[in-house]
2 protein chains.
Amino acid sequence: MNTDNKAKNSNSNITPFCPTAGAGQSESFTPEDALKLDYQLCFPLYAASREIIKHYRPILDELDLTYTQYIAMMVMWEEKAISVKDMGAKLFLDSGTLTPVLKALEKKEYVTRNRSTEDERVLIVEITEKGEALKQQALKVPERMAGCISLEPMEALELYRILYKILGKEV
Amino acid sequence: MNTDNKAKNSNSNITPFCPTAGAGQSESFTPEDALKLDYQLCFPLYAASREIIKHYRPILDELDLTYTQYIAMMVMWEEKAISVKDMGAKLFLDSGTLTPVLKALEKKEYVTRNRSTEDERVLIVEITEKGEALKQQALKVPERMAGCISLEPMEALELYRILYKILGKEV
DNA sequence: TTCAATTCGATTGTGTTCAATTTAATTATA
DNA sequence: TATAATTAAATTGAACACAATCGAATTGAA
């Protein structure tokens with residue numbers, strides 16, 4: 001329940017996903033410690049991601065959207081029309097995930113799905129008027145999420161920067 | 001594909017999950033911008049989490065463990081015996097997720113599952129000798145994950161600290 | 001004590017997530 | 001031009017996540 005987070009103070013034992021790979025490690029740090037939950041970086045990343053998405057749920061429920069559908073709609077509000085492949089690149093999701101999500105959005109009439117006439121392999125997703133209208137409802141989502149978690153502005157910014165570095169999009 | 005990450009430079013528009021809630025925002029920042037993927041904090045968190053877990057897969061495949069099974073075993077290597085509820089608190093997972101994971105680990109004979117004699121509602125998960133032995137194989141996992149992603153030690157530490165702050169375990 | 005409320009884990013149903021495979025379309029090469 | 005290689009989505013199968021619900025056990029209040 002109340003983990004002690006030993007790593008907090010002993011620093012530098014936390015290096016990208018392998019504490020043991022770090023340079024100046026404290027003497028008490030054993031190879032076995034590298035298998036402790038408290039020394040992992042991936043685990044809190046994974047847990048924090050799920051915890052925040054959990055906060056989205058009641059808000060998105062009012063729009064009858066799941067979180068995945070919501071971020072897909074974010075892409076649509078910006079792009080208006082985009083291929084499944086390009087949306088996948090933006091969201092780091094493959095067609096196995098996106099196909100059912102986009103079919104669900106099509107069923108709700110927020111998007112249309114049609115093959116490109118230039119290249120029949122490509123499926124173009126286009127936003128509908130109903131999809132555009134949904135954006136007005138969605139404006140309240142970021143509003144309502146605010147204050148849900150309390151990070152200092154600089155912490156949020158630093159987190160943002162590091163996450164995009166992990167995603168290979170150094171900014 | 002190549003997102004521009006506008007937020008990078010305009011800073012302070014990224015605040016916890018609602019850019020619009022920030023104080024000194026740049027003049028060009030509209031409420032609609034709060035719905036852009038580039039101004040989200042949750043999205044890169046979610047994407048980075050999945051990207052890193054993807055890196056674990058080929059390594060964990062050699063141990064015939066999934067990532068969820070792996071973090072459950074991490075708890076077992078530390079605790080030896082624990083209730084489903086307490087493991088759930090440690091991993092931020094509920095019984096709906098843990099029950100099948102623990103049954104899979106039981107099938108592989110890494111753990112046993114027995115009701116507590118003191119309180120029959122409580123299921124105690126205990127590590128077996130085979131489960132203990134697996135730890136020696138698992139020592140290579142953090143090793144192999146090292147260098148998978150390139151963060152500076154201080155970045156990793158700062159990320160760790162912020163993530164635990166999000167998880168409500170300020171360290 | 002007795003019955004209502006609570007707790008714990010399991011189950012169910014929905015919706016991802018992703019590797020691997022398949023199919024159709026396009027491009028490149030012999 | 002044939003045909004081989006490549007590409008884009010869809011499909012399939014396995015494993016999560018999680019809300020909601022259930023049943024059994026325990027606790028608490030009248």
Side-chain angles (χ1 to χ4, degrees), chain A residues 1 42-43 46-73 82-89 91-108 111 113-125, chain B residues 1 43 46-61 63-73 82-89 91-108 111 113-125:
Chain A
M1 201 78 191
C42 182
F43 167 67
Y46 159 75
S49 162
R50 287 184 295 105
E51 285 300 302
I52 293 173
I53 289 174
K54 218 177 286 186
H55 284 295
Y56 270 102
R57 189 181 296 261
I59 299 170
L60 291 178
D61 274 352
E62 294 175 27
L63 300 190
D64 188 31
L65 288 180
T66 64
Y67 183 73
T68 315
Q69 290 167 12
Y70 174 63
I71 60 175
M73 285 307 297
I82 192 170
S83 69
V84 171
K85 174 188 155 78
D86 288 347
M87 180 180 284
L91 299 180
F92 297 84
L93 293 170
D94 74 0
S95 67
T97 302
L98 283 180
T99 295
V101 169
L102 295 172
K103 281 183 176 175
L105 291 176
E106 182 184 41
K107 197 169 181 182
K108 297 179 214 242
V111 302
R113 297 163 67 250
N114 295 103
R115 295 279 164 182
S116 163
T117 49
E118 291 145 37
D119 186 337
E120 295 278 346
R121 292 172 305 180
V122 176
L123 190 140
I124 303 291
V125 186
Chain B
M1 199 81 189
F43 167 67
Y46 159 74
S49 163
R50 287 185 293 108
E51 286 299 302
I52 293 173
I53 289 175
K54 221 177 283 187
H55 284 295
Y56 270 103
R57 189 181 296 259
I59 299 171
L60 291 177
D61 274 351
L63 301 190
D64 188 31
L65 288 181
T66 64
Y67 182 73
T68 315
Q69 290 167 12
Y70 174 62
I71 60 176
M73 284 309 297
I82 192 170
S83 70
V84 171
K85 174 188 155 81
D86 288 348
M87 179 181 285
L91 299 180
F92 296 86
L93 292 171
D94 72 3
S95 69
T97 303
L98 283 180
T99 295
V101 168
L102 294 172
K103 281 184 177 177
L105 291 176
E106 182 184 42
K107 196 169 181 182
K108 297 180 214 246
V111 302
R113 297 164 67 251
N114 294 104
R115 294 280 164 182
S116 163
T117 50
E118 291 145 38
D119 187 337
E120 294 279 346
R121 290 171 307 178
V122 176
L123 190 140
I124 303 289
V125 186

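A, B, ... follow the sequence lines: proteins, then strands. Residue 1 opens every chain.
Spacing between atom CG of B/D61 and atom P of D/dA15 amounts to 11 Å, rounded to whole angstrom units. Rounded to a whole Å, the CD1 atom of A/I124 is 12 Å from the P atom of D/dA8. Between B/L102 atom CG and D/dA15 atom P the separation is 15 Å, expressed in whole Å. We find that CG of A/N114 is positioned 19 Å from P of D/dA8, with the value rounded to whole Å.
A/R57 has no side-chain polar atom (N or O) that falls below the 4.0 Å cut-off from OP1 or OP2 of D/dC18.
Residues from residues 65-73 of chain B that place a heavy atom under 4.0 Å from any atom of DNA chain D, listed by number: B/T66, B/T68, B/Q69.
Distance from the side chain of A/T99 is smallest for D/dT11 among the nucleotides D/dT11, D/dT7, D/dA17. Side chain of B/T97, nearest nucleotide from D/dA25, D/dA10, D/dC16: D/dC16.
With a cutoff of under 4.0 Å to any heavy atom of chain B, the contacted region of DNA chain C is bounded 5' to 3' by C/dT7 to C/dA19.
Legend: residues meeting side-chain hydrogen bond (donor to acceptor under 3.5 Å, both in side chains) with B/E120, ordered by chain and number and at least two apart, are absent.
For the pair B/M73/B/L63, no side-chain contact is recorded, criterion being any heavy-atom separation below 4.5 Å from C-beta on.
Residue-level contact check: A/D94 touches the bases, meaning some heavy atom is under 4.0 Å from a base atom.
Of the two residues near DNA chain D, B/S95 and B/D119, the one whose nearest nucleotide lies more 5' is B/S95. Sequence order on DNA chain D of the closest nucleotides to A/S83 and A/E51 puts A/S83 first from the 5' end.
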